[in-house]
Amino acid sequence: MSSNSTFFCDRCGAANRPEARFCRACGQALGGLDTTTDTIVGLGARGISSAHAVHGTSANTLNTNVNTTFQLPIGSSTITGLLQPQHMLKQRYIILANVGKGGFGAVYKALDSQFGNRLVAVKEMSQNSLDEKDRQAAADAFQHEAMLLAGLTHPNLPRIYEQFADQGRSYLVMDYIEGETLEDRLSRLKGTTLPIEQTLDIAIQLCDVLEYLHSRTPPIIFRDLKPANVMLTPGGHIFLIDFGIARHFKPGKAKDTTALGSSGYAAPEQYGRSQTTVRADIYSLGATLHQLLTGHDPSETPFHFAPIHLPAHPALAGLADLVMHMVSVPVNERPESVAVVRASLQRIQTLYTTGAALTSPPTISTRVPPMYQAPAMMPPIPAQATTTGKTGKAKGPTQYQIVKQPNTLFICTGHTGRVAAVVWSPDGKWLATASYDRTVIVWDAASGDRVWTYKGHSARVNTLAWSSDSKYIASAGDDTTVQIWEPANGHLVYTYTVHSQPVNAVAWSPGGEYIASAGNDKLVLVWHAQEHSELYRYEEHKDQVYAVAWSPDGKYLASAGKEKSIRFWNPFAEQKKPRTFWQRVSSIFSADLEPSVLKVHNERVNALAWHPKEYLLASASSDSYACIWDVSIAYTQHTKLLRTAGGNSAKNAVTWAPDGKHLAIASNDKTVQVWNVAKERCTYTYQGHQGYVAAVAWSPNGERLASAGVDRSVQIWQVV
Ligand SMILES: Nc1ncnc2c1ncn2[C@@H]1O[C@H](COP(=O)(O)OP(=O)(O)OP(=O)(O)O)[C@@H](O)[C@H]1O
């Protein structure tokens, strides 16, 4: 769907690519065009190349009700895209609209009536106007796309659910992607370009997915990367679509037998001169980036790329060079891998968006060998390394020199604003971080790799919580919403919009049934996580609420904020208000604890954490203290005060070790202190951060801690 010069069909007048052999609108043979040698044909879903399609080999569990050779009956209509809204396909899919043309391939938006009416995209293809050989090649290509996609799982790829044949056409059912193709986005810009920040973000996401494809065994070369095959969601997430010509790279094969790809974006070697490798995808990525940065369509002047002129900014100095290297005609002059490209892009992005430079290598994570044993004593940090560097400008973002500690396992970088929250998934596999940069990033806890960047929020994200089964995240922030979404793919499940002001705290009940959310509107709302109906609205706070926590048995809530005191209450009992005098009296003799207000802090309370098993509550306050409250004897307000080192520094976050014996406290003094609760003694101080530490979380297995804050890094470290 790139904008090459067009060829008009005699029968219906539709515009076609010059290399097309059949009209994409009506299927009429266009004739007279040789596609054998130096013309590149995008096989895609049309599968009409005279060249042989490449056969997929990946094992998969794809649901298919069609015979494996995928022969299609001849004689039915050759045209696709004719299914009307409300048409029921295969007694299951209700067609809503045609979103992707007609001709030999069409894509419909549809509802899956057997799966809660979830939205799906249904790709339709007909090969019936082709001669026998081409028809089989096209059918093979279609099945290949299905098989290939079915074996892949990546946040930037649509999931595939089913393939089948119906009325002489083949269908592929996959995730419906809300958004538009990058090609459509570019054409709406009318010659101008996307903001550089967005281009860098898109480029890095494309690197993520290409790296994933290239790391399969055998590697998958996409071979048709171009703006028309990239979909962009309103939140800025990208998906690679159209796997028609992706193929497995077969080591040792000297030369590709087919010329595939799209003119302007395809590397020279795709014309059949030599075997295509990952560097063919690097070329196409370079051509796509060149177009994003210049607005110039490469299909107009294949293999010729004009110099790129970018705004004068020190961070962008290397960007033009990088892109021009990627589109080098000699294969060996291009970067050797997508990982190399991604590392450069990330370095540029960090420098461009924050002015920050990291001393750690420019990859997402830096790793310490798994055998590493932390020394009992932490060596002091060199004075030079601990100083906070400045950009040198009078005004501008702070440059943080992140220094790895001996027990640091990973330093995850990617956020471009303060990290406000960090939470482990209950199964220990993932970490999620929320940031003022409006995103939530999900990280692989074993490798430190970024898995997903969620961009559903339109303002700072302040807080997040995992559901107890690790399947959902609730995130909330200054846009006043709480959003429930799937960390595996970023799918938004529900947006809760009852708060009228920024939301600062969200907590999922231990059983997973309820969510408590609280914010600047002074409310704590307790609502059903699935039905979203309100269970109880706590209105006792006189000022903004910053923290909310469930007791481990899911019976009580504690909430606190600007008004300095902590409120401890039972949403289920409170729900039954108004309570009579006699009910109050009898409750004294019942097993239920009375709600109470705990007062010890002299400044705002920033965080609360409930002991994993007992009725002990930890709080962190700007008054420089962390406290432990025994709330089972609430009226006597038994507390331990822990004043961590760092003098008068505010305490921002607290987390209990899973065994309940230690507490970690994050502070404005740039440290995290680990305290032995029974001995009331600080046993270790982590000093890897170069700014206020805003968040800390203990891993479910008790072996690691994750901390994050103003320096934008997320540091995962071993407990010493
Ligand atoms: N999963 C999806 N969700 C939503 N829309 C989609 C999806 N897949 C494809 N589309 C829409 O359908 C159009 C055609 O899709 P696709 O590129 O896969 O088909 P094609 O016929 O193979 O195109 P091409 O001519 O590029 O080979 C896309 O441009 C896009 O607008």
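Heavy-atom basis, side chains included; hydrogens, waters and symmetry copies ignored. Both counts, for ligands and for their atoms, begin at 1 and track the order of listing.
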Visitor: Below 4.0 Å from any atom of ligand 1, is there a heavy atom belonging to Glu180?
Guide: no
Visitor: Could you check whether the rings of Tyr494 and His532 sit parallel, tilted or perpendicular, using 30° and 60° as the cut-offs?
Guide: parallel
Visitor: Mark up the atoms of ligand 1 that fall under 4.0 Å of a heavy atom belonging to Tyr176, in ascending order.
Guide: 3 (N), 4 (C)
Visitor: About how many Å separate CZ of Arg185 and CD of Gln198, when rounded to the nearest 0.5 Å?
Guide: 6.0 Å
Visitor: Which atoms of ligand 1 sit under 4.0 Å from any heavy atom of Gly100?
Guide: 12 (O), 13 (C)
Visitor: Counting heavy atoms not belonging to Lys429, are there more than 12 under 6.0 Å from its NZ?
Guide: no
Visitor: Among Thr433, Ile473, Val482, find the one that has a side-chain contact (heavy atoms from CB on, under 4.5 Å) with Leu464.
Guide: Ile473
Visitor: For ligand 1, find out whether one of its N or O atoms is nearer than 3.5 Å to an N or O atom of Thr181.
Guide: no
Visitor: Non-hydrogen atoms of Met231 versus ligand 1: any pair closer than 4.0 Å?
Guide: yes
Visitor: For a ring pair (Phe, Tyr, Trp, His ring centres under 6.0 Å) check, start with the C-alpha distance between His214 and Tyr212, then their side-chain angles and the critical distance, and finish with the verdict.
Guide: CA-CA 6 Å; His214 295 173; Tyr212 169 79; over 10 Å; no
Visitor: Using heavy-atom distances only, which candidate in Leu172, Val122, Ile177 approaches atom 3 (N) of ligand 1 most closely?
Guide: Ile177
Visitor: Has the side chain of Asp479 got a donor or acceptor atom that lies under 3.5 Å from a matching backbone atom of Ser458?
Guide: yes
Visitor: With atoms numbered from 1 as shown, which atoms in ligand 1 lie under 4.0 angstrom from a non-hydrogen atom of Met174?
Guide: 1 (N)
Visitor: Given Asp175, Thr80, Ile241, which has its nearest heavy atom closest to atom 1 (N) of ligand 1?
Guide: Asp175
